Amino acid sequence: MSPYDPFFTSGPGILASRARDGRLSRPNAPGGDTSSVDGTADLPASAARRVTALSLRAVTRRYGERTALAELTLSVPAGQTLAVLGPNGAGKTTLLRLLATLLAPHGGELVVLGHPLPAEAWAVRGKLGLLGHEPMLYRELTARENLRLHAKLHGVRAERIAELLALVALERRADEPLRTLSRGLVQRVAICRTLLHDPELLLLDEPRANLDPAACEIVEPLIGRASGKTRVIVSHDPAGALLEADLVLGLVRGRAKIIAPSTGLDPSELAELYR
Amino acid sequence: MPALPLHSAGPYVAGAYVVFFAIILIYVAIMATKLVRSERTLAELTELARQRHASQDDDPQ
Amino acid sequence: MTAPRTSSVVAALLRAQLRLELRTFESVPAMWLFAVTAFVLFHFGLDRDQLSGDLASGVLWVTLLLAALLAINRLYLADAEQGGFDGFLLSPADRTALLAAKVMTLLCYLVAVEIVAVPVFGVLLLQPPLGQALPGLLAVLALGDLGIAVIGALVGALAIRTQARDLLGPLVSLPLLVPVLLCVARATAPLFDPLHAGTLPLRWLVTVALYDALFGLLAFALFDFLLED
Amino acid sequence: MYGKGLRSLSLITAGAVTLTLAAVFFWAPNATYGFLEKILYLHVPLAIITLCGFVAAGLMAVAHLHTRDERWDMRSYVAIHISLIFGIAVLLSGSIWARGAWGHWWVWQEPTLVSFLLIMLLYATYQPLRFAIEDPERQARYASVFAITAGVFVPVCFGIVRLSPAYVHPRTLDNISGNLPGRMQVVFYLSMVSMTLLWVTLWKFEMTAKHVAAQLRQLRRALGEDHDDAPARRSAAPSLSRIASPN
């Protein structure tokens with residue numbers, strides 16, 4: 001059933017229920033889960049419950065008559081890293097957007113951080129960070145202004161912005177419009193945006209693209225294995241992916257060709273995907 | 001002269017009804033072309049199915 | 001993770017939108033120039049030096065409506081092209097906060113335009129002195145702008161992620177705005193009466209207020225479906 | 001299947017329409033406008049049915065957004081498509097009526113004509129809107145949002161346009177359909193019934209045609225004729241990609 005059931009219980013219900021309370025009255029309004037957002041440790045209760053961070057069962061997503069992602073079954077324990085490989089148009093970005101609650105699955109069950117999607121999508125959104133090809137930042141605004149907007153969207157206190165800008169060594173250029181910064185610097189600001197609300201799950205779409213080696217050094221502790229967060233990395237370099245990932249998913253035309261721990265795999269098998 | 005004893009306003013009334021039925025008939029004509037296209041696709045597919053069936057009869061695995 | 005309060009989200013979005021506009025100046029100046037040019041066009045088109053009564057209110061409101069279309073077309077442009085939608089959808093904030101922010105942004109644009117356009121109209125084309133009509137005019141302007149802003153924000157969101165966005169925006173919003181135009185034009189006509197400042201016809205004000213409220217509720221109910229995929 | 005009751009429905013409709021024509025031309029007396037009134041028996045019921053069609057399409061769109069079942073989107077699309085065609089007939093017959101009754105092809109004082117033109121202008125953007133969106137699922141959702149907004153707009157627009165005072169003939173069409181002497185009232189309702197039947201028949205007819213086309217497409221794919229990601233031909237019409245069990 002659609003996630004917006006409460007609005008459609010009765011015809012006039014649509015308008016009445018929206019008008020009554022300004023904030024979206026979801027069936028299970030937030031408040032149950034009280035893990036704080038300011039980077040302090042998660043409450044033990046909710047963390048223990050979420051041993052497996054991601055669990056997908058026969059998740060399907062269609063684009064009209066074409067299937068973008070077909071019957072994907074997979075589960076990633078918390079703290080581990082999943083590498084997603086495959087040719088262009090294989091459904092990698094679709095998978096990432098599904099996990100990021102930007103797309104609703106057309107079939108199968110998708111549970112992210114213990115919350116079934118799309119029913120409890122609002123609960124997950126505060127706990128995941130997506131770093132896509134698009135920086136998702138306004139080019140005309142400065143880094144600080146963009147991050148202040150995203151801080152307000154996530155209900156995060158402002159001091160966190162300065163903290164993160166320091167971590168990615170961008171304090172000096174934080175007050176210039178993004179359009180004057182190079183792609184690499186914008187990518188660093190995007191990384192700050194992704195980590196602003198200290199997400200438990202990182203969804204990274206070729207994170208090291210446009211980053212020079214020095215920048216890679218700087219961001220490694222933030223989005224690398226050292227960060228200790230559950231990560232899903234989409235990348236095109238099989239060798240690099242093997243080093244970083246615990247689990248590898250090979251996608252071809254929306255179907256999972258390879259699902260295996262990274263230890264038993266060698267790059268030649270992965271190269272097979274791109275044939 | 002017109003067959004029916006139409007009044008002075010006759011042409012307008014006739015015009016209105018003619019326009020109405022013309023539109024309905026144009027609609028039916030468009031649907032007819034769609035029907036022909038469907039029929040052609042169906043013929044194509046039955047032909048394809050028959051070939052598929054025929055090829056299976058020749059070399060049943 | 002408690003979702004942030006909607007009011008602070010709306011305020012943040014509005015501040016970002018207005019800062020974007022102040023930094024790029026892409027909508028409001030264009031609307032100023034368009035409004036003044038339109039008055040000149042009407043002067044040559046109607047070949048009249050002075051306008052009054054319902055002709056004057058018609059010219060004013062048609063100009064404001066068409067100027068608003070410029071803003072409606074550009075309202076979601078930055079979000080669509082620079083991934084603003086995804087950035088917003090990733091946050092647990094309430095979806096309709098974006099609609100509320102966009103409605104207020106459009107209202108700010110319209111007020112900014114009217115601050116310039118109405119006096120210029122008074123000087124260029126309006127025969128009766130503007131001063132006498134001003135108090136009533138402000139009320140009608142407020143209600144008219146609200147209608148334009150609500151429908152503009154909803155239709156803008158509908159049109160922005162389509163191939164023919166610059167065409168669909170105006171094509172869909174204009175018929176929806178005709179009742180607003182009808183009400184505000186009829187309400188403003190007596191204000192511009194050359195002989196004596198007519199009283200404000202409350203019937204039209206109430207109608208446009210109800211129209212705004214109805215489509216406001218509808219926009220809030222439907223907006224979610226335009227964003228989620 | 002959609003085509004189940006189609007044959008009997010068409011027969012009933014044909015009967016009703018011929019009965020109405022006979023009644024209009026041979027049984028109904030002439031009131032204030034004389035013979036010209038015969039147009040009203042066509043124009044006014046058609047207008048009312050078209051508006052009901054648009055509102056019905058809006059309700060179907062609500063059902064589509066609620067159940068996420070694309071068949072509702074198909075029904076809403078076909079309902080708007082049929083109502084648009086009827087709408088064109090209403091506008092033409094309305095302007096012919098204006099020409100006969102008041103001497104010129106378009107009369108701005110007649111609120112029903114004016115608001116009808118406005119509604120048709122709005123719904124004319126429905127097809128371009130659908131065609132401008134490529135992803136079928138989003139196309140269906142955006143079309144439903146449009147259909148609901150426009151569905152609410154129809155009665156509201158009628159109400160507001162009627163508020164502005166009509167000078168030439170204050171709401172002729174209204175009192176024609178309102179308080180008619182006996183026999184004219186009967187013929188009027190007969191015409192209403194036959195127009196409704198015609199609308200439903202054409203709606204069912206087009207639903208069947210679209211359903212058949214969708215099944216053919218699915219059959220073609222089942223036979224592996226075109227591989228999975230053949231670029232689907234872009235069209236405004238919804239394509240039932242997943243044919244569920246017949247309703």
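Note that the structure is predicted; figures quoted are calculated from it, not measured. Per chain, numbering begins at 1; letters A, B, ... match sequence-line order.
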Are the charged groups of Glu81(C) and Arg139(A) less than 4.0 angstrom apart, N to O?
->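 The answer is no: the pair does not qualify as a salt bridge.
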
Using non-hydrogen atoms only, which part of Thr142(A) is less than 4.5 Å away from chain C: side chain, backbone, both, or neither?
->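 Both the backbone and the side chain of Thr142(A) come within 4.5 Å of chain C.
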
Check whether Arg179(A) gets within reach of chain C through its side chain, its backbone, both or neither, counting any heavy atom under 4.5 Å.
->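 Contact with chain C is absent: no heavy atom of Arg179(A) under 4.5 Å.
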
With side chain to side chain contact (heavy atoms under 4.5 Å, CB included) as the test, would you mind laying out the steps for Trp122(A) and Asp94(C) before giving the verdict?
-> CA-CA 9 Å; Trp122(A) 52 268; Asp94(C) 176 2; over 6 Å; no

Given the rule in the side chain to side chain contact (heavy atoms under 4.5 Å, CB included) test, do Lys152(A) and Leu13(C) qualify, once you have shown the distances and angles that lead to the verdict?
-> CA-CA 9 Å; Lys152(A) 272 282 195 293; Leu13(C) 284 168; over 6 Å; no

Report the distance from atom CG of Leu14(C) to atom CG of Leu149(A), rounding to the nearest 0.5 Å.
->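 Separation between the atoms: 11.0 Å.
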
Kindly compute the distance separating OG (Ser91(C)) from NE2 (His150(A)), expressed to the nearest 0.5 Å.
->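 Rounded to the nearest 0.5 Å, the OG-NE2 separation comes to 8.5 Å.
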
Closest heavy-atom contact between Arg97(A) and Asp86(C)?
->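 Looks like NH1-OD2, 3.0 Å.
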
Locate the shortest heavy-atom distance separating Gly83(C) from Glu134(A); write the atom from each residue and the value.
->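 So the two residues come closest at N-OE1, 3.7 Å.
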
For chain C, the option from Leu102(A), Leu128(A), Leu103(A) that forms the most heavy-atom pairs under 4.5 Å =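 The residue among Leu102(A), Leu128(A), Leu103(A) with the greatest pair count is Leu102(A).
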
Evaluate side chain to side chain contact (heavy atoms under 4.5 Å, CB included) for Leu89(C) paired with Arg125(A), printing each intermediate quantity in order.
-> CA-CA 8 Å; Leu89(C) 288 173; Arg125(A) 285 195 186 114; 5.5 Å; no

Hey, does Leu141(A) have a side-chain heavy atom less than 4.5 Å from the side chain of Gln82(C)?
->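 Contact flag for Gln82(C)/Leu141(A) side chains = no.
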
Decide side chain to side chain contact (heavy atoms under 4.5 Å, CB included) for Glu140(A) and Thr24(C); before the verdict, give the C-alpha distance in whole Å, the side-chain angles of both, and the deciding distance to 0.1 Å.
-> CA-CA 7 Å; Glu140(A) 294 301 335; Thr24(C) 56; 3.3 Å; yes

What part of [X] lies closer than 4.5 angstrom to a heavy atom of chain A: side chain, backbone, both or neither?
X: Phe85(C); value: neither
X: Gln17(C); value: side chain
X: Leu227(C); value: neither

